[in-house]
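Just so we're clear, the structure is a prediction, and the values are computed from it rather than from any experiment.
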Amino acid sequence: MDIGQRIRQRREALEMTQDELAKRVGYKSRSSINKIEADGRGLPQTKITKFAEALGTSPMWLMGWDGIGENGTNFGGVSNLMPLPYSTDKKIPLIGTIACGLPILATENIEKEIALPDNISADLCLRCKGDSMINAHIYDGSIVFIKCQPTVENGQIGAVLIDQTADIAEATLKRVYIYDDRIMLCAENPKYSPLIYVGEEMNNVRIIGKAVAFISNIR
């Protein structure tokens, strides 16, 4: 089911007309809604949040991420990410700032160890800073578990190193989109614009791995 079909399904479940939805999201007529529902095209990314708010759901459900209910309830907002309880069985390294030139898991980069259940496959974890990922329920201080790999599928949340020319760097957590001519890193907070790297700038972006789980408000 594409995004247009999901919009139509949710609108009809709410017994909302195309005219009413058009007004709620800022279109002048129902024809724009009809076109979007027909094939999902013509819907700019900047409007997805607006549609989700008008339909009482989440942007992640509209985009088809697994594990998210039609009413917008979810366990983190993305298909490759799930929350964890505090009770865990094994430990993996928590990486703080990264000394460039050293392997990621070098002793100098490891802050401490964090417990992880046996059924989760991850190689390291990162402590999140700031509010750029709050719409994925990842808050300041959350611990995100990372499976190391050189790339991720478009739309997945990944850990990324930017500007590797610095002696010390911090990994950033963003939704990743990789194209032939650009890399786009998107926050899960509408107040932050996407980070876009083109041409030779793409060489300064390194994918550390895919986010697979998280713990919020860890002590």
Excluding sequence neighbours, so at least two apart, what forms side chain to side chain donor-acceptor pair (under 3.5 Å) with Thr151?
none
Is it possible for you to check whether Lys210 lies under 6.0 Å from the centre of the six-membered ring of Phe145, through NZ or CZ, and within 45° of that ring's axis?
no
Of all residues at least two apart in sequence or in a different chain, which pass the side chain to side chain donor-acceptor pair (under 3.5 Å) check with Thr172?
Lys174
By side chain to side chain donor-acceptor pair (under 3.5 Å), Thr17 pairs with (sequence neighbours left out) none
What residues, two or more places apart in sequence or in another chain, satisfy salt bridge (charged side-chain N to carboxylate O under 4.0 Å, His left out) together with Glu20?
Arg24
Expected output: side-chain Asp2 to main-chain Gln5 donor-acceptor under 3.5 Å:
yes
Please identify each residue that fulfils side chain to side chain donor-acceptor pair (under 3.5 Å) with Lys147, with sequence neighbours left out.
Ser121
Pairwise side-chain contact, Asp140 with Lys129, heavy-atom cut-off 4.5 Å (strictly under)
yes
Residue list, side chain to side chain contact (heavy atoms under 4.5 Å, CB included) with Pro190, at least two apart or on another chain
Asn135
Look at the side chain of Arg175 and the backbone N and O of Ile157, then say whether any donor-acceptor pair between them is shorter than 3.5 Å.
no
Hey, any chance Ile3 and Tyr27 share a hydrophobic cluster, counting ILVMFWY side chains that come within less than 4.5 Å of each other, even indirectly?
yes
Nearest 0.5 angstrom please: Met16 CE to Ile33 CD1, how far?
10.0 Å
List the residues meeting salt bridge (charged side-chain N to carboxylate O under 4.0 Å, His left out) with Arg8, not counting sequence neighbours, and say none if there are none.
none
Scan for salt bridge (charged side-chain N to carboxylate O under 4.0 Å, His left out) pairs involving residues 196-205, sequence neighbours excluded, and state none if there are none.
none
When you measure from the side chain of Asn204 to the backbone of Ile162, do you find a donor-acceptor pair of N or O atoms at a distance under 3.5 Å?
no
Partner of Leu173 by side-chain contact (heavy atoms from CB on, under 4.5 Å), out of Ser132, Ser142, Cys128
Cys128
For Glu37, which of Arg11, Arg30, Arg6 qualifies under salt bridge (charged side-chain N to carboxylate O under 4.0 Å, His left out)?
Arg11
What residues form a salt bridge (charged side-chain N to carboxylate O under 4.0 Å, His left out) with Asp131, not counting sequence neighbours?
Lys191
Does a side-chain heavy-atom distance below 4.5 Å link Ile95 with Cys125?
no
Taking the side chain as everything from C-beta on, heavy atoms only, tell me whether Asp123 gets closer than 4.5 Å to Ile146.
no
